[in-house]
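Take a look at the structure set out below.
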Amino acid sequence: MERRPSDNARVSVCDPSFASWLVGSIRSGLVAIDAAGAVTALNAEAHRLLDCASPSAEGALGCDCRAVLSHQPAMAQLLLDALDGSERPSRTEICLDRRDGRPELTIGYTLGAVRDAAGQVCGAVLQFRDLTPYERSAEQARLRERLAALGEMAAGLAHEIRNPLASMEIATGLLARRLADDPDAKALVQELQGEVRRVAATVTESLEFVRPVVLRNEPVDPVHVLEEALTCARSRIDYDGDVVRDYDPDLPPVLADEAALQGLFTNLIVNAFEAIGDARPPAPRLRLALEVVDAAESRPAAVRRGEVPELVFTVADNGPGIPDELRERVFYPFFTTRGEGSGVGLANVQKVVAGHGGRVELESVPGAGATFRVRLPLGPREAA
């Protein structure tokens with residue numbers, strides 16, 4: 001038997017409300033004008049994306065399109081030009097500037113004249129879709145391709161450089177012993193040795209970054225990992241400030257590669273020590289924290305991973321902070337603000353965290369320090 005909607009659910013297509021509902025239900029942007037340039041149709045998506053001057057989509061109906069689209073005059077002109085009735089491409093793209101310093105908007109649109117029963121032009125209609133997310137996705141894909149190519153090139157160069165560096169290190173060691181009776185010459189050779197070792201360390205770190213991450217996951221005590229990382233960091237950097245620990249009690253183990261985790265947290269803590277040293281605050285302070293949070297509280301609904309909780313590691317300092325313009329770039333490989341740095345430390349941190357299925361967050365207020373949070377997913381825990 002044929003299924004039909006109930007009588008109460010039937011709506012005639014002749015009902016004026018149906019046309020309004022239809023326009024409002026279209027997921028892409030829709031703008032239409034009559035022959036005089038007055039807006040006859042405008043849905044909520046178009047009102048949002050085009051920064052319309054009217055307080056609502058309904059409030060724009062009957063108004064001149066140039067007033068409604070005063071923040072996007074190019075779109076108003078497109079609609080008015082379509083009133084000449086000439087044939088136009090079925091799909092075109094355009095980039096629109098936006099107010100308040102927001103990134104430009106890339107849209108793909110279809111534009112055409114509206115004709116009456118006699119074939120006369122009585123208006124114009126523009127339907128469009130926001131292509132910005134697709135543009136960003138394509139740009140990220142291109143960036144990944146460029147980074148992959150850069151990684152291959154860096155690996156090749158690193159292999160070519162390592163052999164002569166090893167020979168130079170041996171030669172400078174022999175030369176230093178021969179110049180034992182000449183303190184000035186020996187000091188110069190020792191300085192050269194230090195530079196050779198620094199270059200060798202940079203090459204080694206670069207090779208580590210371009211290699212695929214291979215993790216050996218096993219239950220790891222998060223407190224032990226952070227404390228060992230702190231010990232390793234102290235052995236590298238002379239730090240005599242406060243260390244504040246804020247660990248939740250009864251923390252569960254996390255399934256992870258202990259050596260990889262310890263290495264990344266050592267890197268973060270060393271960076272914090274260096275930042276505090278650069279700023280020399282009155283009371284140098286490093287804060288280490290561990291807590292379990294519900295993923296639903298820390299992620300938008302669109303990207304939640306079910307209800308699996310997360311273990312959050314926090315490394316915070318009261319150093320100079322990170323300027324806003326550098327916040328996104330600090331995780332780029334080979335980017336560094338330090339003359340002696342290799343620029344792969346934070347890139348490696350992000351790589352290892354991603355290998356564990358987690359993510360890294362950065363919060364920073366210039367002049368008030370930086371906070372790095374590493375979020376790792378936890379498996380379902382047994383009830384106590």
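One-based numbering along the sequence shown.
Proximity of a side-chain donor or acceptor of Ser364 to a complementary backbone N or O of Gly369 within less than 3.5 Å is detected. His356 places a side-chain N or O within 3.5 Å of a backbone atom of Asp257 that can act as its donor or acceptor partner. Judged by distance alone, with hydrogens and angles left aside, the side-chain atoms of Tyr247 form no donor-acceptor pair with the main-chain N or O of Asp250 at under 3.5 Å. A donor-acceptor contact shorter than 3.5 Å links the side chain of Asn43 to the backbone of Leu30. A donor-acceptor pair under 3.5 Å links the side-chain atoms of Tyr239 to the main chain of Leu286, judged by distance alone. With hydrogens and angles disregarded, a donor-acceptor distance shorter than 3.5 Å links the side chain of Thr40 to the backbone of Ala32. In this structure a side-chain-to-backbone donor-acceptor pair under 3.5 Å is missing from Asn267 to Leu346. Panel note: side chain Arg216, backbone Ala259; no donor-acceptor pair is recorded below 3.5 Å.
Here the OG1-CZ distance, from Thr110 to Arg129, works out to 11.5 Å after rounding to the nearest 0.5 Å. The CG atom of Leu111 sits 11.5 Å away from atom CD of Gln127, with the distance rounded to the nearest 0.5 Å. Atoms NZ and CG, from Lys186 and Asp184 in turn, are 12.0 Å apart once rounded to the nearest 0.5 Å. Note that the CG atom of Asp181 and the CZ atom of Arg178 stand 13.5 Å from one another [nearest 0.5 Å]. Atom CG in Leu174 sits 11.0 Å away from atom CD in Glu169 (nearest 0.5 Å). Atom CZ in Arg234 sits 12.5 Å away from atom OG1 in Thr266 (nearest 0.5 Å).
In this structure, Pro253 and Pro222 approach most closely via the heavy-atom pair CA-CD, 4.2 Å. Nearest heavy-atom pair across Arg287 and Ala289 is NH2-CB, 3.6 Å. Summarising the geometry of Leu362 relative to Ala370, their closest heavy-atom pair is CD1-CB, 4.4 Å, with the distance given to 0.1 Å. Heavy-atom minimum distance, Gly173 versus Gln193: CA-NE2, 3.4 Å. Here the closest heavy-atom approach between residue Leu79 and residue Ala124 is recorded as O-CB, 3.5 Å. Closest of all the heavy-atom pairs between Ala67 and Ala53 is O-CB, 3.5 Å.
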task: Would you sort out whether Phe265 and Leu288 count as a side chain to side chain contact (heavy atoms under 4.5 Å, CB included), showing the intermediate values?
output: CA-CA 10 Å; Phe265 287 117; Leu288 302 178; over 6 Å; no
field: salt bridge (charged side-chain N to carboxylate O under 4.0 Å, His left out) between Arg359 and Glu310, worked out
entry: CA-CA 10 Å; Arg359 67 192 193 281; Glu310 294 174 328; 2.8 Å; yes
message: With side chain to side chain contact (heavy atoms under 4.5 Å, CB included) as the criterion, how do Gln72 and Ile107 come out once you've worked through the C-alpha distance, each side chain's angles and the decisive distance to 0.1 Å?
response: CA-CA 13 Å; Gln72 296 296 347; Ile107 66 169; over 6 Å; no
message: Please determine whether side chain to side chain contact (heavy atoms under 4.5 Å, CB included) holds for the pair Leu126 and Met75, giving the CA-CA distance in whole Å, both sets of side-chain angles, and the decisive distance to 0.1 Å.
response: CA-CA 9 Å; Leu126 182 145; Met75 301 301 290; 3.6 Å; yes
Step-by-step side chain to side chain contact (heavy atoms under 4.5 Å, CB included) determination, Val293 to Arg375: CA-CA 9 Å; Val293 301; Arg375 297 180 178 271; 3.5 Å; yes
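When hydrophobic side chains of Ile, Leu, Val, Met, Phe, Trp and Tyr are connected at separations under 4.5 Å, Leu179 ends up clustered with Leu175, Val189.
When the side chains of ILVMFWY residues are joined at heavy-atom separations under 4.5 Å, either directly or via intervening members, Leu255 and Val220 end up in two distinct hydrophobic clusters. Under the 4.5 Å side-chain heavy-atom criterion for ILVMFWY residues, a single connected hydrophobic cluster contains both Ile237 and Ile269. Linking ILVMFWY residues whenever their side-chain heavy atoms come closer than 4.5 Å, directly or via other members, leaves Val244 and Val365 in distinct clusters. In the hydrophobic clustering of this structure, Val225 groups with Val223; members are Ile, Leu, Val, Met, Phe, Trp, Tyr whose side-chain heavy atoms approach within less than 4.5 Å, directly or through other members.
Not counting sequence neighbours, the partners of Leu80 by the side-chain contact (heavy atoms from CB on, under 4.5 Å) test are Ile33, Cys65, Arg66, Gln77, Leu83.
Heavy atoms from other residues, nucleotides or ligands lying under 6.0 Å from CD of Glu218 number more than 12. In Asp116, the CG atom is crowded: over 12 heavy atoms of neighbouring residues, nucleotides or ligands sit closer than 6.0 Å.
In this structure, the side chains of Leu264 and Val353 come closer than 4.5 Å at one or more pairs of heavy atoms. At a threshold of 4.5 Å between non-hydrogen side-chain atoms, the residues Val68 and Val31 do not count as touching. No side-chain heavy atom of Asp242 sits less than 4.5 Å from a side-chain heavy atom of Pro284. Leu376 has its side chain within reach of Leu261: a pair of non-hydrogen atoms, C-beta onward, lies under 4.5 Å apart. Side-chain contact between Leu230 and Arg245 is present, with at least one heavy-atom pair separated by less than 4.5 Å. With a 4.5 Å cut-off on side-chain heavy atoms, Glu45 and Phe128 do not count as touching. Counting heavy atoms from C-beta on, the side chains of Leu290 and Phe313 come closer than 4.5 Å. The shortest distance between side-chain heavy atoms of Leu96 and Leu50 falls below 4.5 Å.
Applying the salt bridge (charged side-chain N to carboxylate O under 4.0 Å, His left out) test to pairs two or more places apart or on separate chains, those with a residue in residues 67-84 are Asp84-Arg88.
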